[in-house]
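Let me begin by presenting the structure, written as structure tokens, before commenting on it.
Numbers restart at 1 for each chain; the letters A, B, ... are given by sequence-line order, proteins then strands.
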Number of protein chains: 2
Amino acid sequence: MLAAQGKTNISSSAIADIIGTNAWQIRKDFSYFGAFGKPGSGYDIDKLSKQISKILKINKGHKVALIGVGNLGSAVLAYKGFANYGFDLVVAFDSDPKRIGKKLGEVTIENISKINSLKKRNITVAILAVPESAAQQVTDTLVKTGIKGILNFSPCYLQVPKSVRIITIDIAIDLARLPYYIG
Amino acid sequence: MLAAQGKTNISSSAIADIIGTNAWQIRKDFSYFGAFGKPGSGYDIDKLSKQISKILKINKGHKVALIGVGNLGSAVLAYKGFANYGFDLVVAFDSDPKRIGKKLGEVTIENISKINSLKKRNITVAILAVPESAAQQVTDTLVKTGIKGILNFSPCYLQVPKSVRIITIDIAIDLARLPYYIG
């Protein structure tokens with residue numbers, strides 16, 4: 001974001017302000033992987049960004065499938081920010097005949113019965129935006145196709161084998177972080 | 001969630017498994033606010049849940065406004081989980097004449113020009129689901145109406161005074177947490 005604004009350097013205290021921590025924590029964390037800012041000019045944004053991408057392994061590029069194209073899934077498809085993190089949303093699946101075959105942007109919605117094609121297509125990450133009632137069943141199918149990571153928007157605890165990483169986004173929990181600060 | 005499943009107790013290691021940390025960390029963190037599990041039976045779920053609600057100040061109840069009823073906003077309106085955390089989504093605003101006046105569930109969509117009624121209605125928390133291009137302007141208006149906390153779904157860094165707490169949800173950043181674990 002800062003690079004896009006034409007900035008080349010940033011201080012630890014400016015980073016701390018943006019993400020809501022303190023400069024000391026930023027310097028300590030970055031020092032673990034050998035990134036050192038210079039007094040007066042701070043960190044080189046381009047270099048720092050590349051180092052972080054490498055550590056998080058988002059520099060390799062990952063193909064992503066979206067499962068479920070309701071309101072939330074449509075919002076995910078319209079979202080432009082994935083490329084910044086090396087993600088390429090290449091396919092979407094749904095079970096609704098009215099949605100199947102439609103093209104939204106670059107992505108065509110396919111029948112969810114074709115979900116086992118993920119392995120052949122080398123897709124290892126899925127975004128799950130199906131109703132809660134279908135979430136565990138779809139997850140089991142995803143696991144069988146060899147998916148490695150799932151970003152889950154269903155507000156429920158899904159069971160997966162240890163080899164699969166799942167991150168659940170519950171907007172009520174995110175919202176619940178606010179009252180502590182606002183009283 | 002566990003209480004709804006009829007469970008009354010949970011061990012620190014079972015909590016750790018669910019949220020992806022270790023039992024020692026759970027015990028250490030809970031001990032800060034005086035919650036102690038019993039060997040063999042663990043924590044009392046009801047008591048623990050009430051203690052956490054009190055600490056996070058989500059036990060008082062907060063009225064919430066939704067700004068923007070596109071795909072993402074519609075998904076937020078359809079979401080049933082807010083009451084679990086003491087939130088009551090009481091109103092939604094949009095600028096699209098086709099949406100204004102519609103009732104979705106219990107909530108009627110009002111004209112965004114009425115947004116300055118938030119103060120009178122005692123609404124201190126807002127969920128922002130407007131296009132990125134409108135996000136800063138709407139945020140400035142929200143700040144003027146006395147909003148205290150904003151959950152922002154626009155993928156951009158919004159400027160607010162220190163007295164307002166903002167939490168930004170960028171789904172690409174959440175997705176970017178996966179590759180580290182999946183290689």
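Between chain A and the residues B:K148, B:M1, B:R165, the largest count of heavy-atom pairs under 4.5 Å involves B:R165. Per-residue heavy-atom pair counts under 4.5 Å with chain B were compared for A:D170, A:V125, A:I55, A:N84, and the maximum is reached by A:D170. When each of A:G73, A:S163, A:S74 is checked for heavy-atom pairs under 4.5 Å with chain B, A:S74 comes out on top. Heavy-atom pairs under 4.5 Å with chain B peak, among A:I150, A:V164, A:T168, at A:I150. Annotation: maximal heavy-atom pairing with chain A below 4.5 Å, among B:A78, B:G81, B:A75, B:G70, occurs at B:A75.
Clustering ILVMFWY residues whenever any of their side-chain heavy atoms sit less than 4.5 angstrom apart, transitively, puts A:I173 in the very cluster that holds B:I26. At a threshold of 4.5 Å between side-chain heavy atoms, the hydrophobic network of Ile, Leu, Val, Met, Phe, Trp and Tyr places A:I67 and A:V69 in two separate groups. Under the 4.5 Å side-chain contact rule for hydrophobic residues, B:L142 and A:L175 do not share a cluster. B:I100 and B:F93 fall into different hydrophobic clusters, where Ile, Leu, Val, Met, Phe, Trp and Tyr residues are linked whenever their side-chain heavy atoms come under 4.5 Å apart, directly or through other members. The hydrophobic clustering, which links ILVMFWY residues whose side-chain heavy atoms are closer than 4.5 Å, places A:I115 and A:V64 apart.
Both the backbone and the side chain of B:V76 come within less than 4.5 Å of a heavy atom in chain A. For A:F82, the parts sitting under 4.5 Å from any heavy atom of chain B are the backbone and the side chain alike. Using a 4.5 Å cut-off between heavy atoms, A:I127 touches chain B through its side chain atoms alone. Using a 4.5 Å cut-off between heavy atoms, B:F87 contacts chain A through its side chain alone, with no backbone atom that close. Looking at B:Y157, both its backbone and its side chain come within 4.5 Å of chain A, counting heavy atoms on both sides.
Other residues, nucleotides and ligands place more than 12 heavy atoms under 6.0 Å from the CZ atom of B:F33. Heavy-atom contacts from other residues, nucleotides or ligands closer than 6.0 Å to CD of A:Q137 number 12 or fewer. Within 6.0 Å of CD in B:E106 there are 12 or fewer heavy atoms belonging to other residues, nucleotides or ligands.
Distance check: B:I182 CD1 to A:H62 NE2 gives 4.5 Å after rounding to the nearest 0.5 Å.
Shortest non-hydrogen contact noted between A:P179 and B:K57 is CB-O, 3.4 Å.
In this structure, A:I171 and B:I169 have side chains that are not in contact, with every pair of non-hydrogen atoms separated by 4.5 Å or more. Within the 4.5 Å cutoff, the side chain of B:L72 has heavy atoms near those of the A:L72 side chain.
Looking at A:D174 and B:Y85, their side chains never bring a donor and an acceptor atom within 3.5 Å of each other.
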